2 protein chains.
Amino acid sequence: MNIGDTNKDRTPTLADVARFAGVSTATVSRCLNSPDRVIEETRNKVLKAVRELGYAPNFNARALAAKRTNTIGAIIPTMENAIFARGLQAFQEELGRNGTTLLVASSSYQTDLEEEQIRTLVSRGADGLLLIGYRRDPKVYEFLHRQGVPVVAAWVFDPDADVPTVGFDNFLAMKMLAEKVISLGHRRIATITAATQGNDRASERLRGILAAMTEAGIPENDLSIIETTYGIDEGGVALEKLMTQQIRPSVVMCGNDVLAVGAIAKAKELGLNVPADLSVTGFDDIEIAKISSPPLTTVHVPHRRMGKEAARALLNMVGTTGGRTKILLETTLQIRESLAQHTD
Amino acid sequence: MNIGDTNKDRTPTLADVARFAGVSTATVSRCLNSPDRVIEETRNKVLKAVRELGYAPNFNARALAAKRTNTIGAIIPTMENAIFARGLQAFQEELGRNGTTLLVASSSYQTDLEEEQIRTLVSRGADGLLLIGYRRDPKVYEFLHRQGVPVVAAWVFDPDADVPTVGFDNFLAMKMLAEKVISLGHRRIATITAATQGNDRASERLRGILAAMTEAGIPENDLSIIETTYGIDEGGVALEKLMTQQIRPSVVMCGNDVLAVGAIAKAKELGLNVPADLSVTGFDDIEIAKISSPPLTTVHVPHRRMGKEAARALLNMVGTTGGRTKILLETTLQIRESLAQHTD
DNA sequence: TTGTATGCGTTATCAG
DNA sequence: CTGATAACGCATACAA
């Protein structure tokens with residue numbers, strides 16, 4: 001192989017481009033990263049070479065040298081349903097507008113898996129991380145801190161948390177819904193929730209129901225609680241269990257819309273009329289809530305705004321520009337047919 | 001700073017571990033990558049150092065040196081709904097079992113965005129790529145070939161394609177459903193589909209309907225076609241448009257379950273009884289198909305098997321082990337209430 | 001079995 | 001404005 005040959009059987013590198021354009025590798029690099037720091041003539045020469053050779057920069061080499069990836073990682077509990085889809089979409093869009101790429105991983109609601117994913121994303125050089133929920137082993141935050149990786153916790157709000165939170169008050173949101181439920185005359189309340197262990201969104205929501213009951217003078221023990229994994233089928237199974245108990249609830253408050261829709265489907269299957277025989281509520285207000293029959297009464301969460309604000313917060317943290325990093329969003333009750341008055 | 005100091009204010013590197021354990025960096029590297037190539041005593045020493053220092057390997061550096069990332073990328077059209085969720089989940093699980101990580105990106109059904117994502121994933125060093133559908137600019141495949149990155153196209157099957165396909169016959173699947181529809185007496189057929197331009201799954205499915213009509217002696221022109229983006233609301237809008245036409249269809253065959261569910265919801269809103277006044281069919285058989293009311297007649301796609309087989313094919317291609325890379329899966333009709341007999 | 005030395009493709013520092 | 005050249009953190013061929 002003669003000197004000056006541009007390697008033909010290997011994917012082209014910066015050096016190949018430099019040789020082809022007759023400049024140094026430094027110049028090529030500059031052309032790509034700060035085009036204004038190079039005179040137009042050479043720039044054109046270089047860009048032509050880039051096109052000619054079909055050069056694509058090696059991300060890993062770049063990350064290694066620059067210690068920056070323009071990449072932000074997000075770990076969400078599940079991709080199986082649409083709960084996080086909308087928020088994540090907005091998150092990604094906002095990152096994209098700022099030239100940052102999103103890396104997603106899902107933890108299947110498993111703490112250990114999440115920790116593994118965190119390590120993976122960090123070792124891949126993520127400039128920052130989006131996590132869902134705040135409560136987790138302090139070691140995790142210590143690790144992230146040591147590695148100098150900024151984090152934002154979303155889907156929750158806690159001004160006292162060690163890391164910025166962008167989200168809403170799960171406790172208050174569910175409490176408001178429970179108050180509405182109670183005001184409609186319901187006393188025999190049941191709930192289908194995700195495992196509350198290690199899931200602050202779920203446990204806060206449960207706390208919300210209990211608080212509303214207490215304030216209304218209903219004994220906390222009257223609440224039937226079923227913990228299950230999120231899923232349409234799981235919601236159905238849970239509902240069946242509830243309806244075979246001694247005291248059948250007049251309303252089932254579900255931890256999210258997916259469970260609620262599953263519960264409604266099963267209720268109908270059991271010959272129950274929703275909401276005449278049984279009211280059902282959800283949480284999230286994702287698309288299926290609207291098309292459910294009957295349409296689902298639920299808590300509307302501003303998913304898109306949350307995603308966008310979380311991205312902004314994170315971009316602020318990885319960059320130098322300061323900005324708000326603790327953001328509380330409002331939820332609203334979305335009253336639809338699945339919840340009705342109760343009279344004994 | 002004294003010689004021998006392990007750097008305290010920086011994330012530890014291989015060299016730090018080596019120094020701490022009193023061995024060479026090569027040994028540490030071996031300990032982590034091929035533990036059996038190092039004697040137990042030193043291995044323990046090294047692992048202890050790793051733990052002590054909280055060392056986490058730098059992925060980018062590793063990729064750069066090893067020219068391998070144990071990472072496979074997947075670009076799916078959307079994460080907004082569950083169409084690809086189940087398949088991707090299985091894909092990821094199978095990769096995980098083989099120590100390979102999945103990197104997901106979504107293209108929002110946009111060709112240019114997809115090409116960008118492909119470049120991104122390749123430049124990140126993905127060892128292989130999963131793409132949805134086969135038909136795309138040949139330049140894309142040329143690029144991938146030049147870069148030496150193996151590809152598998154899923155959700156389609158074409159034994160003659162330049163790249164391995166793992167999927168099902170979209171044409172035949174939809175044709176079978178259309179035949180069933182026609183056998184029930186329907187003649188005024190309409191379809192709500194994704195844009196067929198650059199989407200082989202959608203265009204094949206459309207072709208399937210047309211073929212069945214032709215074989216049944218129904219003029220192709222009788223088919224009302226509405227192209228829209230996938231989404232529940234979009235399905236509703238399309239349905240409304242169809243029902244305000246001169247000749248109202250007796251059945252609406254939708255390109256996927258999401259559109260179908262949206263169509264059903266809108267139909268009910270318009271005071272139509274499904275299926276008495278109007279039949280609706282879907283495609284995919286995702287969870288909402290079951291809980292829809294009425295339950296949705298649709299084409300069942302073996303999503304999980306497809307994901308798993310796609311992973312296997314890809315693993316075979318990046319590794320040396322040979323194996324099947326072209327896999328045809330069967331779809332089945334899933335008849336539920338939303339499709340009924342039609343009599344004029 | 002372990003160590004030495006080199007290279008992977010880029011960026012960044014520092015001269016020129 | 002451009003060019004050498006030294007990192008960046010790790011894997012591996014080769015030597016010991």
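Basis for what follows: all heavy atoms, side chains included, without hydrogens, waters or symmetry-related copies. Every chain is numbered from 1, with letters handed out A, B, ... down the list of sequences. Model, not experiment: these values are computed from the prediction.
- Taking atom CG of A:N70 as the reference point, atom P of C:dT11 lies 11 Å away to the nearest angstrom.
- Atom P of nucleotide D:dC1 and atom NZ of A:K45 are separated by 15 Å, given to the nearest angstrom.
- Side-chain atoms of A:E115 and A:K139, non-hydrogen and from C-beta on, never get closer than 4.5 Å to each other.
- When the options B:I132, B:D200, B:V166 are evaluated for a side-chain contact (heavy atoms from CB on, under 4.5 Å) with B:V156, the one that passes is B:D200.
- As a whole-Å value, the separation of A:R19 CZ from D:dG3 C1' is 16 Å.
- Within the 6.0 Å centre-distance limit, the rings of B:F84 and B:W155 are counted as a close aromatic pair.
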* Structure fact -> Letter by letter from the 5' end, nucleotides 5-15 of chain D scores (B base, S sugar-phosphate only, - none; protein heavy atoms under 4.0 Å) B--BBBBB---

* To do: Assess whether side chain to side chain contact (heavy atoms under 4.5 Å, CB included) is satisfied between B:S29 and B:L14, documenting all intermediate values.
  => CA-CA 7 Å; B:S29 176; B:L14 245 207; 4.0 Å; yes

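- Residue A:E93 forms a salt bridge (charged side-chain N to carboxylate O under 4.0 Å, His left out) with just one option from A:K308, A:R304, A:R312, and that option is A:R304.
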